[in-house]
Amino acid sequence: MSSRAQRVIDCCRTLAQFTEEPGRTTRTFLSPPMGEVHRQLGNWMRSFGMQVSVDAAGNLRGARTGAGRTGNAPRLIIGSHLDTVPNAGAFDGVLGVVIGIALAEIARHASIEVIGFSEEEGVRLGVPFIGSRALVGTLDAATLALAEPAIRQFGLNPADIPEARYAPETAAYLEFHIEQGPVLESLHLPLGVVDAIAGQSRAEITFEGQANHAGTTPMSMRRDALTAAAQWIGLVEQVAGAHDGLVATTGRMHVEPNAANVIPGRVTVSLDVRHGCDENRQGAVRQLIAAASNIAGKRKVKMHCEQRLDQPAVPMDAALRERLAAAVDSAGYPVHYMTSGAGHDAMIVAPHIPSAMLFLRSPGGISHSPEETVLVEDVEAAIAVGERFLCLIS
Ligand code: HGY
Ligand code: MN
Ligand code: MN
């Protein structure tokens with residue numbers, strides 16, 4: 001009989017097969033395979049008595065009052081996200097939900113809600129954290145309007161979004177997540193206690209030039225949107241490399257009309273900027289947008305910037321973080337505090353519910369890739385820490 005940790009890993013690998021794209025794992029906001037994931041995890045949660053539902057934001061919710069407890073006993077939410085990036089690995093987000101269900105199955109005394117958030121990556125609509133923002137009531141009207149068609153298409157009613165708010169007896173939020181970076185592996189550590197999550201900015205920069213014939217238009221007479229974008233993309237890398245602790249990524253580009261014999265008339269590039277200090281991050285964004293305008297001006301190209309996200313850095317709850325560290329220590333593992341460069345639902349939840357995060361080592365430091373993986377002994381460690389944490393706070 002495989003260990004509990006191996007069953008968690010096997011479950012994540014099974015869920016990775018529920019995808020929009022055969023042959024690779026891509027599961028975006030409320031796409032059809034998300035319904036498959038809800039069915040699979042919902043059946044597991046029901047099998048040991050959890051009340052299972054899908055809220056109007058598409059979050060999978062399993063709740064159970066601890067044995068011998070009353071309905072308003074302090075409740076711990078254990079959550080993470082079920083959506084993925086394109087061609088994802090099997091563990092980003094999903095692992096935290098599956099570990100939560102495994103803990104709910106073990107710790108019958110605890111009043112727990114397990115949540116699988118519907119949208120954390122921001123792939124389908126360009127806006128992240130829709131599920132967790134519905135949970136804490138910070139989903140703005142513009143984002144809700146953007147999400148409405150997908151919500152209705154999934155068979156849900158956007159008017160019910162207010163009912164997605166967390167229960168009043170909710171006392172704490174805990175998220176298990178792969179580190180998605182090289183730190184724990186480089187230190188030969190299985191687990192990391194998160195002290196804060198770096199802030200992130202996302203924007204879409206559009207360069208508008210003039211589409212024209214590739215054969216008849218002299219170089220001096222072109223208003224090429226793609227060469228303007230390319231010059232700016234190189235500068236983004238240069239600026240980020242010159243600032244300590246700053247990372248900036250232009251991960252997605254759309255070229256129109258995208259034909260070999262046509263000078264590109266319009267190019268849209270995504271911008272993702274992160275830093276532990278909000279002033280540094282926001283200053284870098286201002287600098288990069290000014291540079292885009294400058295480059296465009298010199299090339300007689302128009303530039304338009306649409307800000308998509310300005311998410312401040314978020315500290316985890318100090319008392320809960322220390323209880324989590326105590327649980328790591330009592331389970332016999334070294335305690336290592338670290339800041340998260342990746343964004344997580346915990347950063348949306350933390351300003352509303354005391355929150356803590358536990359990282360599991362990422363072998364090879366790889367994530368957002370099919371090569372993403374976890375070690376069974378690290379999942380075993382995380383479950384052992386989770387059991388002790390539940391005893392400390394229940
Ligand atoms: O982009 C991130 O930081 C996370 O993986 N959504
Ligand atoms: Mn991710
Ligand atoms: Mn994630």
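Count residues from 1 along the sequence. In listed order, ligands and their atoms are each counted from 1.
Close approach of ligand 1 to Glu120 is summarised as follows: ligand atoms under 4.0 Å from at least one heavy atom of the residue are 4 (C), 6 (N). For ligand 1 and Gly343, the ligand atoms under 4.0 Å from any heavy atom of the residue are 2 (C), 3 (O), 4 (C). Heavy-atom proximity to Arg202, at under 4.0 Å, picks out these atoms of ligand 1: 1 (O). Interface atoms of ligand 1 facing Ala342, defined by a heavy-atom separation under 4.0 Å, are 3 (O).
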**OP:** Evaluate the criterion side chain to side chain contact (heavy atoms under 4.5 Å, CB included) for residue pair Asp83 and Thr28; output intermediate values, then yes/no.
**Re:** CA-CA 5 Å; Asp83 66 308; Thr28 59; 5.8 Å; no
Subject >> Worked check of side chain to side chain contact (heavy atoms under 4.5 Å, CB included) between Leu358 and Val328 >> reply: CA-CA 9 Å; Leu358 186 69; Val328 171; 3.9 Å; yes
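A distance below 6.0 Å separates the ring centres of His177 and His81. The aromatic ring centroids of His344 and Phe176 lie 6.0 Å or more from each other.
Proximity of Val136 to Arg165: side-chain heavy atoms (C-beta onward) are nowhere separated by under 4.5 Å.
Side-chain heavy atoms closer than 4.5 Å link hydrophobic residues (I, L, V, M, F, W, Y) into clusters, and following such links, even through other members, never connects Met316 to Ile78.
Residues satisfying the side-chain contact (heavy atoms from CB on, under 4.5 Å) test with Asp329, not counting sequence neighbours, are Val335.
The protein heavy atom nearest to atom 1 (O) of ligand 1 is Arg274 NH2, 2.8 Å.
The closest side-chain donor-acceptor pair between Asp345 and Ser80, if any, does not fall under 3.5 angstrom.
The two residues Tyr166 and Arg61 have their closest heavy-atom pair at CA-NH2, 4.1 Å.
Only the side chain of His368 comes within contact range of ligand 1, with a heavy atom under 4.0 Å; no backbone atom does.
Within a radius of less than 2.8 Å around the Mn ion (ligand 3), the protein N, O or S atoms are His81 NE2, Asp92 OD1, His177 NE2.
Every N/O-N/O distance between Asp272 and ligand 1 stays at or above 3.5 Å.
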